[in-house]
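Step one of this worksheet: look at the structure below.
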Amino acid sequence: MRPIIRSSSLSRIRWALRNNNQERYASSFCSKSRNLLIGVSQNQPLVNTTTSTDYSSLCSRLSFLRGLSVEAVEAADPATTTTTRLTVSSDVKRTGPLVEYERRISDGELMTGDICQISALRELQRLHDELVESVDTCRLDRYNTSDKFSRSRWFWSRLMPQSSNSPVNGLYLYGGVGTGKTMLMDLFFDQLPCTWKKQRIHFHDFMLSVHSRLQKHKGLSDPLEVVAQEIAHDAILLCLDEFMVTDVADALILNRLFGHLFSNGVILVATSNRNPDKLYEGGLQRDLFLPFISSLKERCVVHEIGSSVDYRKLTSAEQGFYFIGKDLSTLLKQKFQQLIGDNVIARPQVVEVVMGRKLQIPLGANGCAYFPFEELCDRPLGAADYFGLFKKFHTLALEGIPVFGLHNRTAAYRFVTLVDVMYENRARFSCTAEASPQELLEKIVTISDAKSMAPRTSSRSRKNDVSELCVDNELGFAKDRTISRLTEMNSKEYLEQHAITHNL
């Protein structure tokens, strides 16, 4: 009687082979291994056992199978079941973000483990293990997902509404600036197989892509549904960094967009400075945004990283890129000339950004761009323009950053977005500014901060205090992140990483 070879065994063999870069041979190997196991169980001689070489070959083949699947080897050799189960169990425990984190600490790549980071890593490890267990159910592997199944599902979805939410919940990590949220998410993302349908992207960039796709599908009855299907086709696991909603156009479509994404089985992992309940706080028509918060909390485990340590500020200081003072244009241009090369002449250039828009570069050469602050942050530009800029340039010299307050709040919003995009692209930043990063944004506060401030005794002084302050919740929360990133971007470690990223 032929033994039953469990389908889960063959799935594990395929999974193991794919993770050893042998995708092309996975299917043929599994059919051969099935025949091998059946032959062994029926005591059919596959080799001449009198030949020691052939016998050793057979043992080697069975040992390899044993390392891949417990159930498969049980059919072949029940006597080795206990040993094999222990071996496989220990192999499983040696993968995932938590194990990689511990390895980096032991190798000196990271500081001694932060208890708050380890708590978040346990959640990421939990998600990692659930995804590995549910890889077929979640349709994560792009080479195992049947095109015929996808077309059939799309056809039936046209005839009748249906939902196929993932059985695995995602994760929403939030906490203060510099606590390692992005590092932890990248650690998690990098430990997953490259053959999976996964994407890691900054939230700004993701929303730009969504709006670009909507423009392409303009005129359809529900373009958001089509956009969600396109996203889900490419990425079942969607990792969004710096989830922050400030734009009313984004806020009004997020609920329907993610409703379609979740219905298509998408699993969300996000990092943010904001508690989900505080997203888009005080924004226009926020009542239309609130259902998204409920959906987000339903589909994701919400976890706070409570660390008070800003690791970006623990980096080594590097002098010579952030100049404080007025009338330093000549000094910054000298620095810019050093960066592009003494014999190189910088000239005006044009960069194409999304949907046919173009950005004028006052001076550019050898991957370096030079802008007066007004040209980049006092004009109607946004994240799309900044992403387009850093697709062509890896270094920005920005002249004349002012102190921000109520009078230039819009410019402050653009500057915060610019810093986010620079940091995401690991760009180098040289500038002149009226004050240090902390002092540039000192007058921007949240509503709660403004209420807690003790007023001056003089009514005249109190009036001056109020007129100078910019009370804005979104900017108030974003300023700590901006200060932290500006500090890190001027560090030795960041500049070394910049050089590696851009092959300089």
Side-chain angles (χ1 to χ4, degrees), residues 4-20 22-23 26-27 29-31 33-34 68-72 74 85 88-89 91-93 95-98 122-157 160-172 185 188-200 225 228-240 258-270 295-302:
I4 297 174
I5 306 299
R6 302 176 190 174
S7 60
S8 62
S9 301
L10 297 179
S11 297
R12 294 186 186 183
I13 293 174
R14 289 193 185 98
W15 180 81
L17 283 171
R18 279 194 301 275
N19 282 275
N20 284 279
Q22 299 183 44
E23 298 95 335
S27 297
F29 176 83
C30 288
S31 67
S33 62
R34 183 194 295 269
L68 295 178
S69 171
V70 174
E71 291 90 349
E74 283 179 3
R85 196 181 299 278
V88 174
S89 176
D91 286 345
V92 170
K93 290 180 181 177
T95 63
L98 185 57
R122 289 196 184 104
E123 288 294 337
L124 288 166
Q125 184 69 44
R126 182 268 311 165
L127 179 56
H128 171 277
D129 295 342
E130 288 184 11
L131 291 174
V132 170
E133 287 292 324
S134 307
V135 61
D136 293 330
T137 307
C138 295
R139 310 190 313 278
L140 278 162
D141 197 315
R142 66 179 70 253
Y143 297 113
N144 261 9
T145 303
S146 168
D147 288 338
K148 181 178 179 181
F149 170 79
S150 299
R151 288 193 298 269
S152 172
R153 185 177 181 278
W154 180 89
F155 173 76
W156 288 109
S157 69
M160 63 187 72
Q162 56 180 325
S163 174
S164 59
N165 287 345
S166 171
V168 177
N169 281 346
L171 183 63
Y172 182 96
M185 186 176 73
F188 161 79
F189 185 85
D190 292 341
Q191 294 304 302
L192 297 171
C194 60
T195 57
W196 282 14
K197 295 163 69 175
K198 61 176 185 173
Q199 182 183 24
R200 188 271 190 210
E225 183 179 11
Q229 288 173 348
E230 290 179 348
I231 294 171
H233 179 268
D234 296 330
I236 289 295
L237 179 65
L238 183 62
C239 295
L240 297 180
F258 275 89
H260 289 311
L261 286 173
F262 292 143
S263 293
N264 279 275
V266 169
I267 303 159
L268 174 66
V269 178
S295 177
L296 178 67
K297 291 161 72 174
E298 179 184 347
R299 297 303 312 159
C300 293
V301 174
V302 177

Original post:
To the nearest 0.5 Å, what is the distance between CG (L140) and CD1 (I236)?
Top reply: 6.5 Å

**OP:** Check F262 against N165 and note the closest heavy-atom contact, atom names and distance.
**Re:** O-OD1, 2.7 Å

**OP:** Quick one: pull up CG in L124 and CG in D129 and give me the separation to the nearest 0.5 Å.
**Re:** 11.0 Å

**OP:** Measure the spacing between CD of E225 and NE2 of H260 and express it to the nearest 0.5 Å.
**Re:** 5.0 Å

**OP:** Drop me the distance from E133's CD to C138's SG, to the nearest 0.5 angstrom.
**Re:** 11.0 Å

Subject >> Shortest non-hydrogen contact between P97 and F188, atoms and distance >> reply: CB-CA, 3.8 Å

**OP:** Answer whether the closest heavy-atom distance between the side chains of L240 and Y172 falls below 4.5 Å.
**Re:** no

Original post:
Do you know which two heavy atoms are closest between A235 and V266, and how far apart they sit?
Top reply: O-CG2, 3.8 Å

**OP:** Please examine the side chains of Q199 and D234, heavy atoms only from C-beta on, and report whether any two atoms are closer than 4.5 Å.
**Re:** no

Subject >> Any residue meeting side-chain hydrogen bond (donor to acceptor under 3.5 Å, both in side chains) with E123, in chain and number order, not counting sequence neighbours >> reply: R126

Subject >> K297 versus V302, closest heavy-atom pair with distance >> reply: CG-CG2, 4.2 Å

Original post:
What distance separates K198 NZ from L131 CG, expressed to the nearest 0.5 Å?
Top reply: 11.0 Å

Subject >> Spatial distance of atom CZ (F258) from atom OG (S263) [nearest 0.5 Å] >> reply: 12.5 Å

Subject >> Check against side chain to side chain contact (heavy atoms under 4.5 Å, CB included), V269 and M185 >> reply: CA-CA 8 Å; V269 178; M185 186 176 73; 4.1 Å; yes

Subject >> Min side-chain heavy-atom separation L268-L296 under 4.5 Å >> reply: yes

Original post:
Is a donor on one side and an acceptor on the other found under 3.5 Å between the side chain of R299 and the backbone of G259?
Top reply: no

Original post:
So, do Q191 and T95 sit near enough that their side-chain heavy atoms are less than 4.5 Å apart?
Top reply: no

